[in-house]
Amino acid sequence: MPSSRRPTPSWLADAVLYQIYPQSFADSDGDGIGDFAGITDRLDHLSWLGVNTVWLNPCFDSPFRDAGYDVSDYLSVAPRYGTADDLAKLVEEAGRRGIRVMLDLVAGHTSDQHPWFKAAAEDPQDHRYIWAEGTAGSLPPRFVASPGSRPGGFLPNFFDTQPALNFGYAREDPDEPWRQPVDAAGPRANRAALREVMDHWLRLGLAGFRVDMAHSLVKDDPGMTRTCELWGELRDWLDRTHPEAALLAEWGDPAVSVPAGFHSDFFLQFGGPSDGLPMRSLWNNMHGTVADHWTQRTCYFDAEGGGSAGPFVTAWESVNAVIGEQGFAALPTANHDFSRLACGPRTAEQLPPAFAFQLTWPTLPAIYYGDEIGMRFVPGLPDHEGSVLGPRYNRAGSRTPMQWDDSPNAGFSTAPADRLYLPIDPEPDRPTVAAQRAHEHSLLHLVRRLIALRKATPELGPRGSVEVLHSGYPFAYVRGERYLVVVNPRRAAATLPLPRRALAAGRPVETSGVTLEGGEAVAPGFSFGIFAL
Ligand code: NOJ
């Protein structure tokens with residue numbers, strides 16, 4: 001079936017995604033680590049907020065060298081999160097509230113503790129992983145010495161404790177005899193294993209998967225042709241067997257991944273023709289998580305106002321021109337690998353314009369847990385479960401426990417503070433859910449109203465049209481010819497002459513500061529306005 005005619009689950013267009021880092025959301029048993037029952041206990045928060053699709057970072061058996069992205073059994077949940085029954089209860093209780101739950105499929109690698117890898121390290125005939133000959137000093141670049149009786153070494157996919165599953169190479173190379181074609185026995189077995197894993201969880205009522213490093217499967221694949229074919233084959237299988245399930249890629253290049261077969265892909269800090277710049281040009285203020293090769297100096301959501309929404313708009317337009325109705329690009333506020341919105345010098349007053357934009361732009365919004373209250377990136381934490389990726393890149397700052405209330409450990413856990421998965425944000429004015437629920441003018445209430453508005457207004461969803469009026473300060477656009485959105489995330493005021501009289505007559509729907517006067521949108525510092533036309 002040509003990809004443009006693939007069916008898309010009808011619920012996805014209305015999805016407001018919410019990412020839960022399970023170890024940090026809510027701890028029900030007092031061991032200091034979040035768990036399924038804790039999430040279940042907090043579902044009313046999500047339901048009150050209005051999100052309808054949760055994705056959980058990996059919650060499978062793991063030695064946790066990479067916080068669970070090193071899976072040692074895809075079909076068992078990690079005991080620290082509870083039992084399979086606890087997960088089933090979470091899915092059921094979420095479903096009762098109209099919330100779907102998606103898992104994280106770590107497709108490209110396993111843990112080196114996975115029985116498949118342990119067997120492969122003893123058996124030279126095993127082809128689930130990519131093995132080259134040689135001894136510790138003479139292995140090809142990037143290969144890691146075998147931990148078992150098998151000679152040679154294996155190719156890791158991320159950390160050395162994460163051996164790459166063998167999905168084959170797109171090209172042969174006589175100098176690299178370990179390269180196997182994508183239809184060799186090992187790659188075929190691994191593709192079948194992915195289907196088995198997916199089938200297992202989908203039968204239990206999970207709604208789909210966020211797929212880790214989805215771009216990484218076939219090696220040396222110029223143009224990603226073979227990797228795309230692999231996902232196309234999986235999508236065809238999914239359409240036949242689980243047509244209501246959704247696949248969200250961690251790829252960062254929706255113009256490639258969606259035509260390949262994903263229902264959606266995230267704009268990320270990496271990926272795509274400008275290597276993540278569209279997303280970073282919105283949020284990344286070079287504090288929090290910073291990779292040394294990022295040369296970017298400014299971002300749009302910056303108090304000094306040195307950025308532009310232009311790079312993001314251009315990227316979104318070119319993505320949209322390619323994917324059309326085939327699927328969706330998704331825009332996260334942050335994630336477990338990237339700084340939170342509230343990071344470095346960005347203050348609480350700068351967050352409402354960010355959400356006003358994210359929840360009215362034609363992408364699928366993904367809210368990272370805690371961003372709805374403006375939880376801050378916590379700098380200076382030690383490396384934990386592989387959080388550090390570089391001298392200025394410690395992901396732990398985005399992974400601290402959810403701040404529920406003013407009780408000990410911010411209501412996250414009853415464990416002693418030194419036993420928590422990560423420390424709570426130590427700042428005395430840290431935001432909490434309880435405090436913000438008590439105040440209608442809080443960020444939390446605003447995010448809730450924006451979600452409700454989006455849900456009630458098809459023009460504001462991912463399928464409504466968008467006409468960009470201005471991508472500097474203020475950022476202004478018209479959705480579905482019926483809503484004017486004006487966003488000014490900088491400290492200085494900004495004014496925009498409106499090109500049509502009808503725009504100037506807009507009726508305020510949800511505003512903070514912006515007014516329409518004398519044919520202009522007048523936007524004080526840190527303001528936004530959504531107007532019905
Ligand atoms: C991407 C995940 O988001 C990240 O947390 C992980 O470390 C790598 N993939 C490796 O699985």
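Quick caveat: nothing in here was measured; it's all calculated off a predicted structure.
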Salt-bridge present (D425, R376; N to O < 4.0 Å): yes

Carboxylate-amine/guanidinium contact R210 E250, below 4.0 Å: yes

R65 CZ: over 12 foreign heavy atoms closer than 6.0 Å: no

Assign the ring pair W361 / F357 to parallel, tilted or perpendicular, where the plane angle (0 to 90°) is split at 30° and 60°. tilted

Centroid separation under 6.0 Å, is that true for the rings of H215 and F262? no

Could you check whether any side-chain heavy atom of M286 comes within less than 4.5 Å of a side-chain heavy atom of N284, counting everything from C-beta outward? yes

Side-chain heavy-atom pair H263, L12 within 4.5 angstrom cut-off: yes

Parallel under 30°, tilted from 30 to 60°, perpendicular over 60°: which one fits the rings of F301 and W283? tilted

Tell me, please, which residues at least two apart from T347 pass side chain to side chain donor-acceptor pair (under 3.5 Å). E349, Q350

If only atom types and distance count, is the side chain of N320 paired as donor or acceptor with the main-chain N or O of W316 below 3.5 Å? no

Checking side-chain polar atoms at under 3.5 Å, does Q19 have a donor or acceptor matched by the opposite partner on H336? yes

Side-chain heavy-atom pair P474, V514 within 4.5 angstrom cut-off: no

Nearest heavy-atom contact between M402 and V433 is CE-CG2, 3.7 Å

With a cut-off of 6.0 Å (strictly less than), are more than 12 heavy atoms of other residues, nucleotides or ligands near CZ of R142? no

H293 NE2: over 12 foreign heavy atoms closer than 6.0 Å: yes

Would you say that more than 12 heavy atoms from the other residues, nucleotides or ligands in this model lie under 6.0 Å from the CD of E440, or not? no

Is the distance from the ring center of Y421 to that of H384 below 6.0 Å? yes

Close side-chain approach of Q269 and T289, heavy atoms under 4.5 Å: no

Expected output: side-chain T457 to main-chain E459 donor-acceptor under 3.5 Å: no

How about K455: does its NZ atom have over 12 heavy atoms from other parts shown lying under 6.0 Å from it? yes

Among R437, R96, R97, salt bridge (charged side-chain N to carboxylate O under 4.0 Å, His left out) partner for D44: R97

Between W231 (side chain only) and A214 (backbone N and O only), is there a donor and an acceptor less than 3.5 Å apart? yes

With a 6.0 Å cut-off on ring centres, are H114 and Y74 close enough? yes

Taking side chain as C-beta onward, heavy atoms only, is T400 less than 4.5 Å from S24? no

Are side-chain N/O atoms of Y393 and D292 paired as donor and acceptor at under 3.5 Å? no

Determine yes or no for a side-chain-to-main-chain donor-acceptor pair under 3.5 angstrom, with N52 supplying the side chain and I99 the backbone. no

Would a 4.5 Å heavy-atom cut-off, applied to side chains only, mark E244 and W11 as touching? yes

Salt-bridge test for R449 and E510: reply yes if a basic N is under 4.0 Å from a carboxylate O, no otherwise. yes

Does R280 make a cation-pi contact with F270, if we ask for NZ or CZ under 6.0 Å from the ring centre and within 45° of the axis? no

Tell me whether S442 contacts the main-chain N or O of H445 through its side chain, where contact means a donor paired with an acceptor under 3.5 Å. yes

Under the 3.5 angstrom rule, does the side chain of D35 hit a backbone N or O of D27 as a donor-acceptor pair? no

Regarding R395 and D66, does a basic nitrogen lie under 4.0 Å from an acidic carboxylate oxygen? yes

Could you tell me whether the side chain of D104 reaches within less than 4.5 Å of the side chain of Y69, counting heavy atoms only? yes

Is the side chain of N488 donor-acceptor paired with the backbone N or O of P524 at a distance under 3.5 Å, no angle test? yes

Ion pair present between D302 and R297, side-chain N to carboxylate O less than 4.0 angstrom? no

Verify the ring-centre separation between W201 and F60: is it less than 6.0 angstrom? yes

Under the side chain to side chain contact (heavy atoms under 4.5 Å, CB included) rule, collect the residues that match up with D112, sequence neighbours excluded. F117, T161, P163

Pick one: which of D70, T110, D73 meets side chain to side chain donor-acceptor pair (under 3.5 Å) with S62? D70

Classify the side-chain pair T83/D85 by whether it contains a donor and acceptor separated by less than 3.5 Å. no

I'd like to know if the side chain of N394 pairs up with that of S387 as donor and acceptor (distance under 3.5 Å, no hydrogens or angles considered). yes

Looking at every non-hydrogen atom in both residues, tell me the closest pair between V197 and L105 and how far apart they are. CG1-CD1, 3.8 Å

Could you report the tightest heavy-atom contact between A107 and V211, atom names first, then the distance? CB-CG1, 4.0 Å

Main-chain N/O of F159 paired to Q162 side chain as donor or acceptor, under 3.5 Å: yes

Between Q296 and L277 (side chain of the first, backbone of the second, donor and acceptor by atom type, cut-off under 3.5 Å), is there such a pair? no

Is it true that F475 and Y473 have ring centroids separated by less than 6.0 Å? no

No-hydrogen, no-angle side-chain donor-acceptor test under 3.5 Å, Y477 and T360: yes

Looking only at heavy atoms, what is the nearest atom pair of G464 and P362, with distance? O-CB, 4.1 Å

Taking NZ, NE, NH1 and NH2 as the nitrogens, is one of them in R454 or D14 under 4.0 Å from a carboxylate oxygen of the other? no

Salt bridge or not between E372 and R340? Use side-chain N to carboxylate O under 4.0 Å. no

T511 versus I530: any side-chain heavy-atom pair under 4.5 Å? no

Centroid separation under 6.0 Å, is that true for the rings of Y368 and F338? no

Measure from the side-chain N and O atoms of D405 to the backbone N and O of A435, and report whether any donor-acceptor pair falls under 3.5 Å. no

